[in-house]
Trainee: 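Below is one structure. I have some questions about it.
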Amino acid sequence: MELEKLLNSEQYEAATTIEGPLLILAGAGSGKTRVLTYRIAHMIEEKGISPYDLLAITFTNKAANEMKERIVSLVGNVAHSMWISTFHSSCARILRMDIDKLGYKSDFTIYDTYDQKSLMKQVMEQSNLDPKSFSEKEIRGVISNAKNSLITPFEYKKEHEHDYRKNRIADAYILYQKKLKENNALDFDDIIMKTVELFEKHKDVLEKYREKFKYVMVDEYQDTNHAQYKLVRLLTIEHKNICVVGDDDQSIYKFRGADITNILDFEKDFPDARVIKLEKNYRSVGSILNAANSIIRMNDNRSDKNLITTRDVGEKLKVYKAPTDVAEAMFVVSEIEKIYRDGRKYGEFAILYRTNAQSRRFEERLMKEGIPYRLIGGVKFYERKEIKDIVAYLRIISNPLEEVSLRRIINVPKRSIGEATLGKLSDRAIEAEENMLDIIYDVEKHDILTNRGINAVNGFADLIKDFTKKKEELSVSELVEYILVETGYLKELEESKSPEDLSRVENLGEFVNLAIEYEKSAEEPNLFEFLENIALVSDIDSYDEDEDAVTLMTIHSAKGLEFPAVFIVGMENGLFPSAGDLDSKSDLEEARRLAYVGITRAEDLLYMTYAESRMVYGRTVNYPPSDFLMDIPNNLKVFLRGSKTKSRRKVNPHTLKYGERQQGVKDFNLDEILERAGQIIDSKPKNLENMEIELGSKVKHSAFGEGTIVSKEDITNDVKVTVAFDSKGLKTLMLSLAPLEVID
DNA sequence: TACGCCCCAGTTTTT
DNA sequence: CTGGGGCGTA
């Protein structure tokens, strides 16, 4: 391995600095993953460090798997058994070993947001919190923030002793946490917080991992929250072999507790830290990168760095104003078709938006045009009802203490165990201080139900007992199929006529396939590991880059990805930046970072579009163009006009057809809108119209003087001309932009 | 117990 | 406009 040849000098520095604290500030597209993988390979191959002494943490399974595969290709299969995983997977793995020390059992269940919601509803009911004055969402938010900041329920209560409202929430937090424990369950935030707790309360455990992980690496460090920060710090504070990689300009998860000061203050935390900046961008052409830079430059709270592209200037980014959101989608899709005809594949396009709700219009249009697309986000596979149902069965079998799942499926499919019966079972469980499943197993003894109820409950109990027995005999996939048949779940769906239920059957089939895949890949397949995998994956993990389809997703989801051609849509104040962002400086800065992330996804072509009017929550709103558009200097962008005056149409012959298609839509004036937004578009001389230009035409440029057109080429939405100027030589210019006029 | 109607809220979400 | 949840009625 000749790292010097494979990496540029900064990358090389970063990959070969192994001992001591290291901060790699890696700008967008600067080859960060490359550095990380070579760094690990270098440690193993050249430095003789054992692969088992390393801990590499990422935020997504996708990133972890990619890194693992790349390291496998460099150092071989040993990489498969390395600790290269997400915060949550690593912590779950640690907790499985030692969580009994905190009073949980090692087969704990991981609760997702849905499970948290249902548990929180129980909590609110039990603690008489009026849903009118306390929303379940708010309380979950407060608890999540507390956990991310490592504040325990009792600390929270103490901290807010004199605040009635917060006190009530504190009580909910206490009860919620109690119930989680009774269910032998952890929510996502617990996974980190409990690991920290384990390390702090049991120094022997901490010591074990400190010794094991002699070298720790954290990717996307700008997105760590306080709990994650603390965890990393606990592990590394002694040997200080910590390498963090990140880009403060790409910190876009503040709303989820990410603390940008973790990365900004790394040098304070580790005073002898090396800092290496990767500022060469290999991804985006110059105009795109400079557009991104011009936006991010406006932020105050950032580390000093300046990304420079290694590529050409490239085409200017294209700004398009549509009259409506529907027209916006029409434009984007037509543009995709046009560029596709010029030889790009559908898989090279991405449509990025601020909110998932915006995807609809684009889907409709793509579908109409028969263009393949894939939608990332929205309702996720594992959040589908039928999948949650079968998972609930599996969870009860795996963790009999788990009640949220029990409540979910005790009457699914219908077996006449309604709210009333469930209430009696639950009350009895609380009274007897037993878990509900035990009550169900012995329901006659408790004398709380009528005969009809007893029969129904017994039927359910027999099912679960049978499944629990079968767990030992059947593989996970077989168990899944067995449950679907024995409960009658599958039958009910198959007998239904609705197409929705048909797709549910398909999804369940897909779920069985996933189980089979899991069995093939796992060393020792077992139910709770399978469940853990399910709990800790997301849609983006299964995103297949090779599929030839246009990608639709939020800008958040696009982080870490890149596309030759990107459309960022909905560039309007009120949407992006969103209304709330405009009031607060830090929110606006985060929105700018989001814009930065979006722009830097693009390699060759970037479009930004906005609509004069759009439907939001069923109302038509008129948002002004986004401030971000104005932050991009005019020499980097070109305005395309969908509908406007004749002269403008001629400048951009390609846009004419959009204008025509939009007949009947109210015409309006871009410049007016820009002015209304308090922005001034640069007033340049009237530009030439395409029709007037011919090879050999004599033209006059306001700066270069007189010359002759020597070539003319139609490119996307513009015409590129080369002019031989009498005094300044050859220049290549964009017709729509260049201040040219024909002279006789 | 089960369905249907009404009312309400409504960013972003790697886990 | 949507989806979800609460609540009333068959």
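Just so you know, these numbers come straight off a predicted model, no measurement behind them. To find a chain, count down the sequence lines: A is the first, B the second, and so on, and within it residues start at 1.
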Trainee: Expressed as a whole number of angstroms, how long is the span from A:M615:CE to B:dG10:C1'?
Mentor: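 Nearest whole value for this atom pair: 15 Å.
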Trainee: Please report the distance, rounded to the nearest Å, between CG in A:N356 and P in B:dT13.
Mentor: 5 Å
Trainee: Does B:dT14 have OP1 or OP2 sitting under 4.0 Å from an N or O in the side chain of A:N61?
Mentor: no
Trainee: Do we see a donor-acceptor contact under 3.5 Å between the side chains of A:S586 and A:E589?
Mentor: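 No, no side-chain donor-acceptor pair sits under 3.5 Å.
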Trainee: Which nucleotide in the list B:dT13, B:dT15, B:dT11 gets nearest to the side chain of A:D581?
Mentor: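 The nucleotide sitting nearest to the side chain is B:dT11.
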Trainee: Nearest whole angstrom, please: distance from the P of B:dT14 to the CG of A:N65.
Mentor: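 In whole Å, B:dT14 P lies 15 Å from A:N65 CG.
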Trainee: Which part of the nucleic acid does A:F87 contact within heavy-atom distance under 4.0 Å: base, sugar-phosphate only, or nothing?
Mentor: nothing
Trainee: Hey, can you pull the donor-acceptor pairs under 3.5 Å for the side chains in residues 227-235 of chain A, sequence neighbours left out?
Mentor:
from   : atom 1 : to     : atom 2 : distance (Å)
A:Q228 : OE1    : A:N225 : N      : 2.8
A:Y229 : OH     : A:D269 : OD1    : 2.8
A:Y229 : OH     : A:D269 : OD2    : 2.9

Trainee: Closest nucleotide of DNA chain B for A:S89 versus for A:A420: which of these residues is on the 5' side?
Mentor: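 In this pair, the answer is A:A420.
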Trainee: What contact category does A:R593 fall into here, base, sugar-phosphate, or nothing, at under 4.0 angstrom with non-hydrogen atoms?
Mentor: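 Nothing: the residue A:R593, judged by heavy atoms under 4.0 Å, touches no strand.
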Trainee: Under a 3.5 Å threshold, yes or no: a donor from one side chain and an acceptor from the other, between A:N507 and A:E386?
Mentor: yes
Trainee: Measure the distance from CD1 on A:I192 to P on B:dT13 and round it to the nearest whole Å.
Mentor: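 Answer to the nearest Å: 20 Å.
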Trainee: Do you see a donor-acceptor pair shorter than 3.5 Å between the side chains of A:Y176 and A:D187?
Mentor: yes
Trainee: Relative to the 5' end of DNA chain C, which residue comes earlier, A:G618 or A:K121, by the nucleotide with the nearest heavy atom?
Mentor: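 Taking each residue's closest nucleotide, the earlier one in sequence belongs to A:G618.
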Trainee: Closer than 4.0 Å, any side-chain N/O of A:Y114 to the OP1 or OP2 of B:dT13?
Mentor: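 No, because none of the side-chain N or O atoms of A:Y114 sits under 4.0 Å from OP1 or OP2 of B:dT13.
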Trainee: On DNA chain B, compare the nucleotides closest to A:R256 and A:A579; which residue's is nearer the 5' end?
Mentor: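 First, find each residue's nearest nucleotide; the 5'-ward one identifies A:A579.
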Trainee: Rounded to the Å, how far apart are A:K132 NZ and B:dA9 P?
Mentor: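 Result: 12 Å.
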Trainee: If I take atom NZ in residue A:K254 and atom P in nucleotide B:dT12, what distance separates them, rounded to the nearest angstrom?
Mentor: 17 Å
Trainee: Once you apply a heavy-atom cut-off of 4.0 Å, does A:L186 come out as touching a base, just sugar-phosphate, or nothing?
Mentor: nothing
Trainee: Classify the side-chain pair A:N399/A:E402 by whether it contains a donor and acceptor separated by less than 3.5 Å.
Mentor: no
Trainee: Between A:T60 and B:dT15, is there a contact of a side-chain N or O with OP1 or OP2 at under 4.0 Å?
Mentor: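 Answer is no, no contact under 4.0 Å.
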Trainee: Tell me which donor-acceptor pairs under 3.5 Å the side chains of residues 89-97 of chain A have, and how far apart each pair is, sequence neighbours excluded?
Mentor:
from  : atom 1 : to     : atom 2 : distance (Å)
A:S89 : OG     : A:T86  : OG1    : 2.9
A:S90 : OG     : A:S85  : OG     : 2.7
A:S90 : OG     : A:T86  : O      : 2.8
A:R96 : NE     : A:E532 : OE1    : 2.8
A:R96 : NH1    : A:S106 : O      : 2.8
A:R96 : NH1    : A:F108 : O      : 3.0
A:R96 : NH2    : A:E532 : OE1    : 2.7

Trainee: Please report the distance, rounded to the nearest Å, between CD1 in A:I555 and P in B:dT14.
Mentor: 15 Å
Trainee: Given atom CD of A:E590 and atom C1' of B:dT11, what is their separation to the nearest angstrom?
Mentor: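 Atom-to-atom, A:E590 to B:dT11, this comes out as 11 Å.
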Trainee: Taking everything shown except A:R360 itself, do over 12 heavy atoms lie less than 6.0 Å from its CZ?
Mentor: no
Trainee: Select base, sugar-phosphate, or nothing to describe what A:S578 touches, counting heavy atoms under 4.0 Å on all strands.
Mentor: base
Trainee: Among B:dT1, B:dT14, B:dG10, find the nucleotide with the atom closest to the side chain of A:T421.
Mentor: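 Of the candidates, B:dT1 comes closest.
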Trainee: Indicate whether A:F255 forms a stack on B:dT12; treat it as stacked only if centroid distance is below 5.5 angstrom and interplanar angle below 30 degrees.
Mentor: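 A:F255 ring centre within cut-off of B:dT12 base, planes near parallel; stacks.
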Trainee: Below 4.0 Å from chain A heavy atoms, what is the first contacting nucleotide of DNA chain C and what is the last?
Mentor: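 Range of nucleotides touched by chain A: C:dC1 to C:dG5.
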Trainee: Under 3.5 Å, is there a donor on one side chain and an acceptor on the other for A:S578 and A:D581?
Mentor: yes
